[in-house]
Peer 1: 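My questions will all concern the structure given below.
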2 protein chains.
Amino acid sequence: MKTLTSKLKAIDFRPTGLVEKLSEAMTEAILEGIFKEGDQLTELDLQKQFSISRSPIRESFRVLEKRGLVEVIPRKGTFVKRISPRDIEEHFPVRSVLEGLAAKQAYANMSPAPLEAMERALARMKTAAENEDTKNYWKQHILFHEIFIDACGNQLLINLLKTLRMQIMWYRLSYQYYKEDFKSSYRTHEKIMGLFKSKNTDPDRLEAIVRTHIEEAVGKFLGYLDEQEKLKASTK
Amino acid sequence: MKTLTSKLKAIDFRPTGLVEKLSEAMTEAILEGIFKEGDQLTELDLQKQFSISRSPIRESFRVLEKRGLVEVIPRKGTFVKRISPRDIEEHFPVRSVLEGLAAKQAYANMSPAPLEAMERALARMKTAAENEDTKNYWKQHILFHEIFIDACGNQLLINLLKTLRMQIMWYRLSYQYYKEDFKSSYRTHEKIMGLFKSKNTDPDRLEAIVRTHIEEAVGKFLGYLDEQEKLKASTK
DNA sequence: CGCCACGTGATTGTCGACAATATTTAATCG
DNA sequence: CGATTAAATATTGTCGACAATCACGTGGCG
């Protein structure tokens, strides 16, 4: 487990709202890969790093647990959650139905602002695809989805998806450079954009297309995972 | 906020696993309506009731928060979550797509045991409907759904649905006596059962029917809520 | 050599006390 | 009398200490 010296200094640790600040700091640390999967987050270590007592640390663990980033095992400790191929397989179908629903609900109460934001994101996806800028393509891709999710207006749905997407995002840390089939991906999003813009789109069709788009991602993701594993094995 | 004397005595409070025990006790207390919505759960009160220190209490709050039963507001306190009509409206679409997916996945890897369990539950639903035993009809209805949810094999999906269903169940405390249209409800479940049993069911059709069944419940539920509100207003 | 008992260090679990913040009540002024 | 401020009370936030449990290594025994 690496230290968090850089983050530590950036944060004001006057003793109020320690749990909030600490939760944010640790969330970032996990998302950025400073805390690696399987790592035990020992209270004493964090206590030393942040010079705070264990009470807020323990509470922060529960907050991170809610976000699905760590696993609190009573009388054993708190560990950064590992993601197995099985988790991936379980994740995508769930997320696909939820994002499908979000798309449908977003279409139902769509307003100009998010629509324009999506178009801008889509334009940047196009540019990134042409330049084969994988990292940026991903960033815009994520943004595109986030916009219509936020626009769906269903707070429960928004929160669920935020959590789910964050969980997988963290694993994507290294994933941001994986080679997406830009052309195919872009065409799909172009089609989705078209459906959002049109006045007489069948909401169920929009939902189905978004859902399928995400369901199909599971294969690519698992393939990538496999590749990484082999890479790891060969360098040993 | 009522006291928990009865529960208190039933629980062994030797200081190990206090958080687990306390979380369970408080979960039940909320589900059973001992803690009412909007109630502030003050640490001192619970401390006195259970004769334990505040540390495990505070951690338990975070556990309950994860289950969606309370709301932790920093520097204000912890409150039993209120459920608004809007929450209901947001809840049902989400749950419907998830249970639809669960049904589809359950059908894909269905085995005899859960199938039989569902048939038994369905049979008891029939009896309860004939006797107009609302409470028992509800119980069996819930069980019926739980069986195929558990059978879907997707642990993420199972956990999400368990949480969602629990949140609404708590509000159902009084709801167990609301008058369901037994005949219509029973017929739907008979149809679902038939689709689960058949070897050549279209999984998407099964999914759609389950989804629709739940989507339609939102109206009844809101109507019930409204009725309760009026009742409350009139008795004042 | 393998395996179990046991002790030792590491880690989590709980506690009571004090500090900081929020809420209520009381007092003051216009 | 109402509004504003100030004191008091209630409640949450954090801390350091001690207790219980777990993980690991060591030594004895078959």
Side-chain angles (χ1 to χ4, degrees), chain A residues 1-4 7-8 11-26 29 35-66 69-82, chain B residues 1-4 7-8 11-27 29-30 35-66 69-82:
Chain A
M1 182 174 113
K2 275 200 218 166
T3 62
L4 271 183
K7 283 203 190 316
L8 169 60
I11 296 171
D12 182 3
F13 272 104
R14 277 175 309 184
T16 278
L18 279 186
V19 175
E20 292 113 303
K21 287 168 190 163
L22 189 55
S23 303
E24 287 313 306
M26 295 203 300
F35 294 158
K36 301 210 187 320
E37 59 173 355
D39 276 359
Q40 177 168 15
L41 302 178
T42 62
E43 295 165 6
L44 190 64
D45 279 357
L46 291 162
Q47 179 169 212
K48 277 188 258 179
Q49 282 190 54
F50 293 110
S51 311
I52 60 178
S53 81
R54 287 168 50 218
S55 314
I57 296 175
R58 288 175 64 87
E59 271 190 65
S60 296
F61 284 168
R62 300 292 187 174
V63 174
L64 292 212
E65 187 186 31
K66 187 181 161 197
L69 297 177
V70 305
E71 203 165 355
V72 176
I73 304 174
R75 286 173 292 289
K76 297 271 179 160
T78 299
F79 304 84
V80 179
K81 210 169 186 182
R82 287 179 184 281
Chain B
M1 184 174 111
K2 275 200 218 170
T3 62
L4 271 183
K7 284 205 189 313
L8 170 61
I11 295 171
D12 181 3
F13 272 104
R14 278 174 309 184
T16 279
L18 279 185
V19 175
E20 292 112 304
K21 286 169 192 162
L22 188 55
S23 304
E24 286 314 306
M26 294 202 302
T27 298
I30 292 173
F35 294 157
K36 301 209 188 319
E37 58 172 358
D39 276 359
Q40 177 169 16
L41 302 178
T42 63
E43 295 164 7
L44 191 65
D45 279 356
L46 290 162
Q47 180 171 208
K48 276 188 255 178
Q49 281 190 55
F50 292 108
S51 311
I52 61 179
S53 80
R54 288 168 50 219
S55 314
I57 295 175
R58 288 175 63 87
E59 271 190 64
S60 296
F61 284 169
R62 299 292 186 174
V63 174
L64 292 212
E65 188 186 31
K66 187 180 160 196
L69 297 176
V70 305
E71 203 165 355
V72 176
I73 303 174
R75 287 172 293 289
K76 295 274 178 159
T78 299
F79 305 83
V80 178
K81 210 169 186 181
R82 286 179 185 282

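All figures in this text were calculated on a predicted structure; none of them were measured in a lab. Computed over heavy atoms, backbone and side chain alike; hydrogens, waters and symmetry mates excluded. In the text below, chain A, chain B and the rest are named by the order of the sequence lines, each starting its count at 1.
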Peer 1: Write down the distance between CD1 (Ile57(A)) and P (dG13(D)), rounded to a whole number of angstrom.
Peer 2: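 Ile57(A) atom CD1 is separated from dG13(D) atom P by 16 Å.
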Peer 1: Using the C1' atoms of the five pairs at each end, what is the angle between the end axes of the helix from dC1(C)-dG30(D) to dG30(C)-dC1(D), to 10°?
Peer 2: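 It comes to 20° between the two terminal axes.
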Peer 1: Measure from the side-chain N and O atoms of Glu43(B) to the backbone N and O of Thr78(B), and report whether any donor-acceptor pair falls under 3.5 Å.
Peer 2: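 The answer is no, because no donor-acceptor pair under 3.5 Å joins these two groups.
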Peer 1: To the nearest 0.5 Å, how far apart are OG in Ser60(B) and CG in Leu41(B)?
Peer 2: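 Interatomic distance, Ser60(B) OG to Leu41(B) CG, rounded to 0.5 Å: 10.5 Å.
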Peer 1: State whether Gln40(A) places a side-chain N or O below 4.0 Å from either non-bridging phosphate oxygen (OP1 or OP2) of dT12(C).
Peer 2: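 For dT12(C), OP1/OP2 do have a side-chain N/O of Gln40(A) under 4.0 Å.
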Peer 1: Rounding to an integer number of Å, can you tell me how far Glu43(B) CD sits from dG16(C) C1'?
Peer 2: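 Spelled out: CD on Glu43(B) to C1' on dG16(C) is 14 Å.
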Peer 1: Rounded to whole angstrom units, what separation is found between the CG atom of Leu46(B) and the P atom of dC15(C)?
Peer 2: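 Distance, rounded to whole Å: 13 Å.
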Peer 1: Return the CZ to CG distance between Phe50(B) and Asp45(B), rounded to the nearest 0.5 Å.
Peer 2: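 Reported to 0.5 Å precision, the distance equals 11.0 Å.
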Peer 1: To the nearest 0.5 Å, how far apart are CG in Asp39(A) and NZ in Lys81(A)?
Peer 2: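 It is 16.0 Å, given to the nearest 0.5 Å.
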Peer 1: Please determine, for the side chain of Ile52(B), which listed nucleotide (dC15(C), dT12(C), dG13(D)) has the closest atom?
Peer 2: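 Of dC15(C), dT12(C), dG13(D), dC15(C) is nearest to the side chain of Ile52(B).
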Peer 1: Could you give the CZ-to-P distance, from Arg54(A) to dG16(D), as a whole number of Å?
Peer 2: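 So the CZ-P distance, Arg54(A) to dG16(D), works out to 12 Å.
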Peer 1: Rounded to the nearest 0.5 Å, how far apart are CD of Glu65(B) and CD of Glu71(B)?
Peer 2: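 Result: 8.0 Å between the selected atoms.
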Peer 1: Stepwise, does the side-chain contact (heavy atoms from CB on, under 4.5 Å) test hold for Val80(A) with Lys36(A)?
Peer 2: CA-CA 7 Å; Val80(A) 179; Lys36(A) 301 210 187 320; over 6 Å; no
Peer 1: What's the CG-P distance between Leu18(A) and dT12(D), to the nearest Å?
Peer 2: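 After rounding, the reported distance stands at 17 Å.
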Peer 1: dA10(D) P sits how many Å from Gln47(B) CD, rounded?
Peer 2: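 In whole Å, dA10(D) P lies 15 Å from Gln47(B) CD.
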Peer 1: Give a yes/no answer on whether the side chain of Arg75(B) brings an N or O atom under 4.0 Å of OP1 or OP2 in dA20(C).
Peer 2: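 Checking dA20(C) against Arg75(B), no side-chain N or O comes under 4.0 Å of OP1 or OP2.
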Peer 1: Find the distance Glu20(B):CD to dT14(C):P and express it as a whole number of Å.
Peer 2: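 After rounding, the gap between these two atoms is 8 Å.
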Peer 1: Heavy atoms from C-beta onward define the side chain here; which of dT14(D), dT11(D), dT14(C) lies closest to that of Pro56(B)?
Peer 2: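 Taking heavy atoms from C-beta onward, the closest nucleotide is dT14(C).
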Peer 1: Measure from CZ on Arg58(B) to C1' on dT11(D) and round the result to the nearest Å.
Peer 2: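 It works out to 10 Å between those atoms.
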Peer 1: Toward the 5' end of DNA chain D, which comes first, Lys76(A) or Ser55(B), by nearest nucleotide?
Peer 2: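 Whichever sits nearer the 5' end wins; that is Ser55(B).
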Peer 1: Does OP1 or OP2 of dC15(D) have a side-chain N or O of Ser53(A) closer than 4.0 Å?
Peer 2: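 Looking at the OP1 and OP2 atoms of dC15(D), one of them is under 4.0 Å from a side-chain N or O of Ser53(A).
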Peer 1: Using heavy atoms to find the nearest nucleotide of DNA chain D for Glu59(A) and Pro74(A) separately, return the residue whose nucleotide is more 5′.
Peer 2: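 The 5'-side residue here is Glu59(A).
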Peer 1: For a side-chain contact (heavy atoms from CB on, under 4.5 Å) check, start with the C-alpha distance between Val70(A) and Met26(A), then their side-chain angles and the critical distance, and finish with the verdict.
Peer 2: CA-CA 10 Å; Val70(A) 305; Met26(A) 295 203 300; over 6 Å; no
